[in-house]
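Data block below; observations after.
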Amino acid sequence: MAFYCSQEHWDAVKLEHVEVACDDGHDGLTQCQMNQGIRQDIVFASIMSNASPREFSWEPERVKPSWKSLEGQDWYTEYAGEIKESFGVTDDVTSPFVRGASVGLSMPMSILWALEHTNTDDRWTRKETLIIHVLGAYDVEITHASIFEEILHRLCIVYLKSLRACATGKRKRIHHLFVQTYHDYAKGSDFTQPDLAVSFNSGSSQESWESWQETISFLVKNEIPSVFTAYNREEAEAEAKLLRDAGANLIHELGPLKNVWGSISCKKEPNRVTGFYFINGWLAGGFR
């Protein structure tokens, strides 16, 4: 359903609204289809809140027998079947579950995507320990800490150490939290070179730039494999410029471009007539 003040105004925007793929959308959906998806997600969230007061989050329990490249895959090819089996739902109601699950899972999946593209071979998939540094971790990363087990579930050998403890069999996921800037943390004796440093939706081009500049310069100078995500194109392109200005040679597959493993649960841009944004929706840039 669409509302408009006159036929003249509707005729002016109809083509873009219902026929043309939305620039900041996903999967070739139009503005109209994106809006319909938002409505479905609101209804879905309301229904699921009756079962749990927490925002819907799904953590797959299965463990993959071996690593499988994420190239050519997407949220539906990877998770729709598992969600149908886990929740006992049919094809016609799977999409809201997939979109809801993508919010939390966008973090471990973006990490795996970055690891796949900051490494020149697959030896990283056979390491006994992976060290992931999450820069600027806040509410989402901490309340969804257990979602990072998806990394372990896709890498059957790895022991994961990231910047509380959980065990699956003999493997563990260990979190250490440090309340200081990354470049200051790196000066201490606790610092260990990570396999990947990641910052989710950092907003580094919009706030605390001086502090981020020191951190980014440290990452580049010390050749630490890193990736930054953003909510939308504008933020991604601005952050990509900051990374390049610091001397980073950006990897093409890691931005600036839409993140194939960004959340597909979209939100309306609050200060614009049109437009959408997504949790980790864009990759601002990655380098090694």
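Heavy-atom basis, side chains included; hydrogens, waters and symmetry copies ignored. Quick caveat, the model's predicted, so the values are computed rather than measured.
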task = Classify the side-chain pair Ser202/Glu239 by whether it contains a donor and acceptor separated by less than 3.5 Å.
result = yes
request  = With Lys268 as the cation and Phe276 as the aromatic partner, state whether NZ or CZ is under 6.0 Å from the six-membered ring centre and within 45° of the axis.
outcome  = yes
ask   = Is a side-chain N or O of Ser226 found less than 3.5 angstrom from the main chain of Ile224, in a donor-acceptor match?
value = yes
message = Please give me the minimum heavy-atom distance between Phe287 and Ile251, naming the atom from each residue.
response = CA-CD1, 4.0 Å
query = Is the ring centre of Phe97 less than 6.0 Å from the ring centre of Tyr79?
reply = no
remark   = When rounded to the nearest 0.5 Å, the distance separating CH2 of Trp212 from CG of Leu219 is 8.5 Å
ask   = What pairs of residues pass the ring-ring contact (aromatic ring centres under 6.0 Å, His included) test when at least one of them lies in residues 231-257, not counting sequence neighbours?
value = Tyr231-Tyr277
request  = Please step through side chain to side chain contact (heavy atoms under 4.5 Å, CB included) for the pair Met109 and Arg154, ending with a clear verdict.
outcome  = CA-CA 10 Å; Met109 293 303 284; Arg154 287 178 173 271; 3.6 Å; yes
ask   = Does the His117 side chain pair with the main chain of Leu254, one donor and one acceptor, at a distance under 3.5 Å?
value = no
query = Of all heavy-atom pairs between Leu135 and Ser199, which one has the smallest distance, and what is that distance?
reply = O-OG, 3.6 Å
message = I'd like to know if Phe44 and Ile279 are part of one continuous hydrophobic network [Ile/Leu/Val/Met/Phe/Trp/Tyr, side-chain heavy atoms within less than 4.5 Å].
response = no
query = Please walk me through it: do Lys241 and Arg244 pass side chain to side chain contact (heavy atoms under 4.5 Å, CB included)?
reply = CA-CA 5 Å; Lys241 183 179 185 304; Arg244 290 191 181 106; 5.6 Å; no
query = Would a hydrophobic clustering, with Ile, Leu, Val, Met, Phe, Trp and Tyr connected at side-chain separations under 4.5 Å, put Ile83 with Val103?
reply = no
Side chain proximity check, Asp122 to Ser69, heavy atoms < 4.5 angstrom = no
Main-chain N/O of Leu70 paired with Gln73 side-chain donor or acceptor, under 3.5 Å = no
Between CG on residue Leu155 and CG on residue Leu112, distance to nearest 0.5 Å = 5.5 Å
inquiry  = Treating Arg233 as the side-chain partner and Trp282 as the backbone partner, does any N or O pair qualify as donor plus acceptor under 3.5 Å?
reply    = no
message = Quick one, Val227 with Leu196, criterion side chain to side chain contact (heavy atoms under 4.5 Å, CB included). Give me CA distance, side-chain angles, the key distance, then yes/no.
response = CA-CA 8 Å; Val227 67; Leu196 182 75; 4.3 Å; yes
message = Before you tell me yes or no, could you show the steps for Ile216 and Asp245 under side chain to side chain contact (heavy atoms under 4.5 Å, CB included), namely the whole-Å CA-CA distance, both residues' side-chain angles and the distance that decides it to 0.1 Å?
response = CA-CA 10 Å; Ile216 292 171; Asp245 288 347; over 6 Å; no
ask   = Is there a donor-acceptor contact under 3.5 Å from the side chain of Asn259 to the main chain of Asn280?
value = yes
key: Check ion pair Arg62-Glu150 (N to O, under 4.0 angstrom)   = yes
query = Charged N to carboxylate O under 4.0 angstrom, Glu82 versus Lys64?
reply = yes
query = What pair of heavy atoms forms the shortest contact from Ile38 to Cys266, and how long is it?
reply = CG1-SG, 3.3 Å
Crowding at CD, Glu71 (>12 non-hydrogen neighbours, <6.0 Å) = yes
request  = Please indicate whether Glu61 has more than 12 foreign heavy atoms, meaning atoms of other residues, nucleotides or ligands, lying under 6.0 Å from its CD.
outcome  = no
task = Measure the shortest side-chain to side-chain distance between Phe228 and Leu242 over non-hydrogen atoms and say whether it is less than 4.5 angstrom.
result = no
ask   = Any side-chain heavy-atom pair from Ser95 and Tyr76 closer than 4.5 angstrom?
value = yes
inquiry  = I'd like to know whether NZ of Lys267 has more than 12 heavy-atom contacts from other residues, nucleotides or ligands below 6.0 angstrom.
reply    = no
remark   = Ala284 and Ala240 have their tightest heavy-atom pair at O-CB, 3.2 Å
inquiry  = As an exercise, state the distance from CD1 of Ile264 to NZ of Lys258, rounded to the nearest 0.5 Å.
reply    = 12.5 Å
message = Quick check against the 3.5 Å criterion: does Asp74 have a side-chain atom that pairs as donor or acceptor with the backbone of Thr77?
response = yes
query = Counting N and O atoms only, with roles assigned by atom type, does the side chain of Thr94 sit under 3.5 Å from a partner on the main chain of Ala80, one being a donor and the other an acceptor?
reply = no
query = Can you tell me how far the CZ atom of Arg173 sits from the OG atom of Ser146, to the nearest 0.5 Å?
reply = 5.5 Å
note = Distance col, row Asp41:CG vs Met48:CE, nearest 0.5 angstrom, shows 12.0 Å
request  = Using only heavy-atom distances, determine whether the side chains of His183 and Gln213 contain a donor-acceptor pair under 3.5 Å.
outcome  = no
remark   = Taken to the nearest 0.5 Å, the spacing of Ile111 CD1 from Phe148 CZ works out to 5.0 Å
ask   = Do the side chains of Val140 and Met107 get nearer than 4.5 Å, heavy atoms only?
value = yes
remark   = Of all heavy-atom pairs linking Ser106 and Ser263, the shortest is CB-N, 3.6 Å
query = Does the Asp195 side chain pair with the main chain of Ile131, one donor and one acceptor, at a distance under 3.5 Å?
reply = yes
task = May I ask you to decide if Gly262's main-chain N or O and Trp75's side chain share a donor-acceptor pair within less than 3.5 Å?
result = yes
ask   = Minimum heavy-atom separation for Phe200 to Ser110, with atom names?
value = CE2-CB, 4.3 Å
ask   = Between Phe191 and His133, does the ring centre distance come in under 6.0 Å?
value = yes
